[in-house]
*Asks:* 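This is the structure, below, for whatever I ask next.
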Amino acid sequence: MSAGSDNILFEYLLRLGDNCLILSQRLSEWCGHGPVLEEDIALTNVALDLLGQARLWLSYAGEVEGRGRGEDDLAFLRDAREFRNVLLVEQSNADYAFTTARQFYFDAWHSLALSELMRSADVRVAEIAEKAAKEVTYHLQRSSEWVIRLGDGTEESRHRMQTAVDALWSYTGELFEMDEMDRSARERGLGPDWSALRERWMQYVARTFAEATLEIPQGTWMQRGGRHGVHSERLGYILAEMQFLQRAYPGAKW
Amino acid sequence: MSAEFQERIEAGIKIEPKDEMPEGYRNTLIRQISQHAHSEIVGQLPEGNWITRAPTLKRKAILLAKVQDEAGHGLYLYAAVETLGVTREQTIQDLLSGKAKYSSIFNYPTLTWADIGAIGWLVDGAAIINQIPICRCSYGPYARAMVRICKEETFHQRQGFEIMLTLARGTPEQKAMAQDALNRWWWPSLMMHGPPDADSKHSAQSMAWKIKLFSNDELRQKFVDQIAPQADFLGLKIPDPDLKWNPERGHYDFGPIDWNEFYSVIQGNGPCNRERLQARIDAHRQGAWVRDAAAAYAAKQRAKARVA
Ligand SMILES: [Fe+2]
Ligand SMILES: [Fe+2]
């Protein structure tokens, strides 16, 4: 950080930006391999939206930091320990049920989060959130529809969907975690009390699962660490792939 | 019907799905449009290979959007085939069984980032040259789909050229990467216009039906004439010692094409034929339960609506 730069805002923006970046990276792995052409296109749309959002958050983070780092420096030249995304978004695509469950849990949180961030005391945060919220409304509608369709589809799809929502459940707690930094940010009016969003999130998930004929997972133990840079082993591989060219040809312009 | 049909074609009246048409005309269109659709879909794979490794976030966004456009092209074209009475599922089955062909260019691997530039510049470039005339072809749905597609392909080519330009003006390693990509993609791109006119088995009838408006060799010449000065501008060398401006012809002369390679790749012996087809088979097979679930859910909803 340069003298006088705002470390809390910088970290806050990394958390928002890295979620979008890593999830987009995961979704883009589907491009060309979707279960049906229309889904290939729709998933790529979501990946593109999230990538656009990541660029807005990370560019702003770079400005706030004031050390001349731009979106690409932050995306391609940080190591895993410096990434601030939640563990949920780095989980593997596995099958379409896992991809759908991951997206649904995230979208349901993301949409609530953005509607709060739209009221941020920081004008840039509010602007980015407002733009992103429009896109995420559609993401949530889409992932909810797929949870319902796969849950209430065939026996096989219901089984796969239930397995996926169960397996990813322990990664949802981190979305509502409040640490020291979140509390400072909240005091400054940057963003909300994340823990206060949990109930509305839970209601939405419960309603959707009921329609999908899925059981709500019962586990109470939650994984954590991503927001503090302690990730799953998967993130290293995501970054190795994503950062390859920037690492192999230092300083080159592309 | 044949003489009357031919008169309509000569008069430039578009043929529409419900119009009567000779079986040969219909079959030629089905073969050509479905081949074209499959090329868009298989064409997603070599470029998709670099999405997760794109060097900047902006390049990643452009590439994602491009590969998505190609999926969209596949979608319009499968719809155009459906207007001729063949379902999308059937058309796709012909690809997966190996019965239908797709453009051989996609059987070559993308080894470096420069290949993404070279594909946009050369492969989309060659596709545009082949497809612009099809915007005026005699079959309405195909002509209309092509208008939309060509607009997007033009963007793709510009973006590819821009990648090449950035590399050509970059570090010595980047310039070498660009030259290597041009070396590998040049000859396969020239083959995209199809076999030489002398050996082209479908051309004459297709031209009479105005499904094809220029011969393969004419299209190839246009492509070379367009690309050669662009390569000069980039400071890259086209890998053909015989390539030279011919002021008398008003065209570039170029060296002989290795048609044995072309036929060999079509026969299945390209570097990536097996992987490309396998990737499509895997996606289709792994997506089966998702498609089944969506169909089952839709059927349940319809049943509920009837009861209500
Ligand atoms: Fe295309
Ligand atoms: Fe294209």
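Lettering follows sequence order; numbering is per chain, from 1. All values below come from the heavy atoms of this structure, side chains included, with hydrogens, waters and symmetry mates left out.
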*Asks:* Against chain B, label Asp152(A) side chain, backbone, both or neither, depending on which of its atoms sit under 4.5 Å from a heavy atom there.
*Replies:*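 For Asp152(A), the contact with chain B is made by backbone and side chain together.
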
*Asks:* Can you confirm whether more than 12 heavy atoms, excluding those of Glu82(A), are under 6.0 Å from its CD atom?
*Replies:*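 Above 12, so yes.
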
*Asks:* For Tyr249(A) and Met177(B), run side-chain contact (heavy atoms from CB on, under 4.5 Å): C-alpha distance rounded to whole Å, both residues' side-chain angles, the deciding distance at 0.1 Å, then the answer.
*Replies:* CA-CA 12 Å; Tyr249(A) 301 90; Met177(B) 199 187 271; 3.4 Å; yes

*Asks:* For the interface with chain A, which of Ala299(B), Ala283(B), Pro55(B), Ala65(B) has the highest count of heavy-atom pairs at distances below 4.5 Å?
*Replies:*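 Most heavy-atom pairs within the cutoff with chain A belong to Pro55(B).
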
*Asks:* What residue, out of Thr154(A), Leu37(A), Leu43(A), has the most heavy-atom pairs lying under 4.5 Å from chain B?
*Replies:*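 Greatest number of close heavy-atom pairs with chain B: Leu37(A).
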
*Asks:* Looking at Lys58(B), Glu162(B), Arg280(B), Glu47(B), which has the largest count of heavy-atom pairs under 4.5 Å with chain A?
*Replies:*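 That would be Lys58(B).
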
*Asks:* Name the region of Tyr96(A), side chain, backbone, both or neither, that has any atom closer than 4.5 Å to a heavy atom of chain B.
*Replies:*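 Contact with chain B: backbone and side chain both.
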
*Asks:* Report which part of Leu21(A) has an atom under 4.5 Å of a heavy atom belonging to chain B: side chain, backbone, both, or neither.
*Replies:*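 Only the side chain of Leu21(A) comes within 4.5 Å of chain B.
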
*Asks:* Check each atom of Leu167(B) against the heavy atoms of chain A and say whether the ones under 4.5 Å are side chain, backbone, both or neither.
*Replies:*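 Side chain only.
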
*Asks:* Determine yes or no for a side-chain-to-main-chain donor-acceptor pair under 3.5 angstrom, with Glu156(A) supplying the side chain and Asp292(B) the backbone.
*Replies:*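 Answer holds: no.
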
*Asks:* Atom CZ of residue position Arg285(B) - does it have more than 12 heavy atoms of other residues, nucleotides or ligands inside 6.0 Å?
*Replies:*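 No, CZ of Arg285(B) has 12 or fewer neighbouring heavy atoms, counting only those of other groups under 6.0 Å.
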
*Asks:* Go through the atoms of Arg169(B) and report whether side chain, backbone, both or neither lie under 4.5 Å from a heavy atom of chain A.
*Replies:*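 Neither part, no heavy atoms under 4.5 Å.
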
*Asks:* Would you mind checking which part of Trp30(A) comes under 4.5 Å of any heavy atom in chain B, side chain (CB onward), backbone (N, CA, C, O), both or neither?
*Replies:*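 Contact with chain B involves no heavy atom of Trp30(A) at all.
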
*Asks:* If you tally heavy-atom pairs under 4.5 Å against chain A, which of Val67(B), Thr171(B), Leu64(B) wins?
*Replies:*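 Greatest number of close heavy-atom pairs with chain A: Leu64(B).
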
*Asks:* Given a strict heavy-atom distance threshold of 4.5 Å, which part of Ala54(A) is in contact with chain B: side chain, backbone, both, or neither?
*Replies:*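 Contact with chain B is absent: no heavy atom of Ala54(A) under 4.5 Å.
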
*Asks:* Report yes if some heavy atom in the side chain of Val290(B) is under 4.5 Å from a heavy atom in the side chain of Arg149(A); otherwise report no.
*Replies:*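 Not touching, per the 4.5 Å side-chain cut-off.
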
*Asks:* When rounded to the nearest 0.5 angstrom, what distance separates CG in Leu45(B) from NE2 in His33(A)?
*Replies:*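 Leu45(B) atom CG to His33(A) atom NE2 measures 5.5 Å (nearest 0.5 Å).
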
*Asks:* Any side-chain heavy-atom pair from Gln44(B) and Asp40(A) closer than 4.5 angstrom?
*Replies:*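 Yes, at least one pair of side-chain atoms sits under 4.5 Å.
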
*Asks:* Keeping Arg59(B) on the side-chain end and Trp254(A) on the backbone end, is there a donor-acceptor pair under 3.5 Å?
*Replies:*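 Present.
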
*Asks:* Going by distance alone, is a donor N or O of one side chain under 3.5 Å from an acceptor N or O of the other, for Asp95(A) and Gln286(B)?
*Replies:*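 No.
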
*Asks:* Kindly compute the distance separating CD1 (Ile51(B)) from CG (Leu27(A)), expressed to the nearest 0.5 Å.
*Replies:*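 With rounding to 0.5 Å, CD1 (Ile51(B)) is 11.5 Å from CG (Leu27(A)).
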
*Asks:* Can you check whether Ile41(A)'s main-chain N or O pairs, donor with acceptor, with Gln68(B)'s side chain at less than 3.5 Å?
*Replies:*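 Checking the backbone N and O of Ile41(A) against the side chain of Gln68(B), a donor-acceptor pair under 3.5 Å is found.
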
*Asks:* Testing the 3.5 Å rule here: is there a donor-acceptor pair between the side chains of Gln25(A) and Lys60(B)?
*Replies:*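 Lys60(B) and Gln25(A) do have a side-chain donor-acceptor pair below 3.5 Å.
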
*Asks:* Please determine whether the number of non-hydrogen atoms from other residues, nucleotides or ligands lying under 6.0 Å from atom CD of Glu89(B) exceeds 12.
*Replies:*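 Yes.
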
*Asks:* Before accepting this row, confirm whether a basic side-chain N of the pair Arg88(B)/Glu38(A) lies closer than 4.0 Å to the acidic partner's carboxylate O.
*Replies:*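 Counted as a salt bridge, because a side-chain N and a carboxylate O are separated by less than 4.0 Å.
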
*Asks:* Less than 4.5 Å to any heavy atom of chain A: does that hold for the side chain of Ile163(B), its backbone, both, or neither?
*Replies:*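 Contact with chain A involves no heavy atom of Ile163(B) at all.
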
*Asks:* Please rank Arg55(A), Glu39(A), Met242(A) by heavy-atom pairs under 4.5 Å with chain B and give me the top one.
*Replies:*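 Of the candidates given, the most pairs with chain B belong to Arg55(A).
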
*Asks:* Quick check: do Phe244(A) and Thr52(B) have side-chain heavy atoms less than 4.5 Å from each other?
*Replies:*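 Heavy-atom side-chain distance check fails, nothing below 4.5 Å.
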
*Asks:* Side chain from CB out, backbone as N, CA, C, O: work out which of these in Ala288(B) comes under 4.5 Å of a heavy atom of chain A, or both, or neither.
*Replies:*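 Neither part.
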
*Asks:* What's the shortest heavy-atom distance between Phe76(A) and Leu57(B), and which atoms?
*Replies:*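 Taking Phe76(A) first and Leu57(B) second, the nearest heavy atoms are CE1-N, 3.6 Å.
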
*Asks:* Against chain A, label Arg291(B) side chain, backbone, both or neither, depending on which of its atoms sit under 4.5 Å from a heavy atom there.
*Replies:*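 For Arg291(B), side-chain heavy atoms alone lie under 4.5 Å from chain A.
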
*Asks:* With respect to chain A, which residue among Ala294(B), Gly48(B), Gly170(B) yields the maximal number of heavy-atom pairs within a distance under 4.5 Å?
*Replies:*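 Of the options given, most contacts go to Ala294(B).
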
*Asks:* For chain A, find which of Thr166(B), Thr56(B), Asp69(B) contributes the most heavy-atom pairs closer than 4.5 angstrom.
*Replies:*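 Option with the greatest count: Thr56(B).
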
*Asks:* Which one of Glu70(B), Gln301(B), Gln174(B) has the most heavy-atom pairs closer than 4.5 Å to chain A?
*Replies:*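 Maximum pair count with chain A is reached by Gln174(B).
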
*Asks:* Return yes when atom NZ of Lys300(B) has more than 12 non-hydrogen atoms of other residues, nucleotides or ligands closer than 6.0 Å, and no otherwise.
*Replies:*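 Yes, NZ of Lys300(B) has more than 12 neighbouring heavy atoms, counting only those of other groups under 6.0 Å.
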
*Asks:* About how many Å separate CH2 of Trp289(B) and CE of Met161(A), when rounded to the nearest 0.5 Å?
*Replies:*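 Reported value, rounded in 0.5 Å steps: 7.5 Å.
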
*Asks:* Taking every non-hydrogen pair under 4.5 Å, which of Glu29(A), Arg26(A), Arg158(A), Glu71(A) racks up the most with chain B?
*Replies:*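 Highest number of heavy-atom pairs under 4.5 Å: Glu71(A).
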
*Asks:* Take atom CZ in Phe155(B); do more than 12 heavy atoms of anything else shown fall under 6.0 Å from it?
*Replies:*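 Check fails, neighbour count at 12 or below.
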
*Asks:* Quick one: what part of Arg160(A) sits under 4.5 Å from any heavy atom of chain B, side chain, backbone, both or neither?
*Replies:*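 Interface part for Arg160(A): side chain.
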
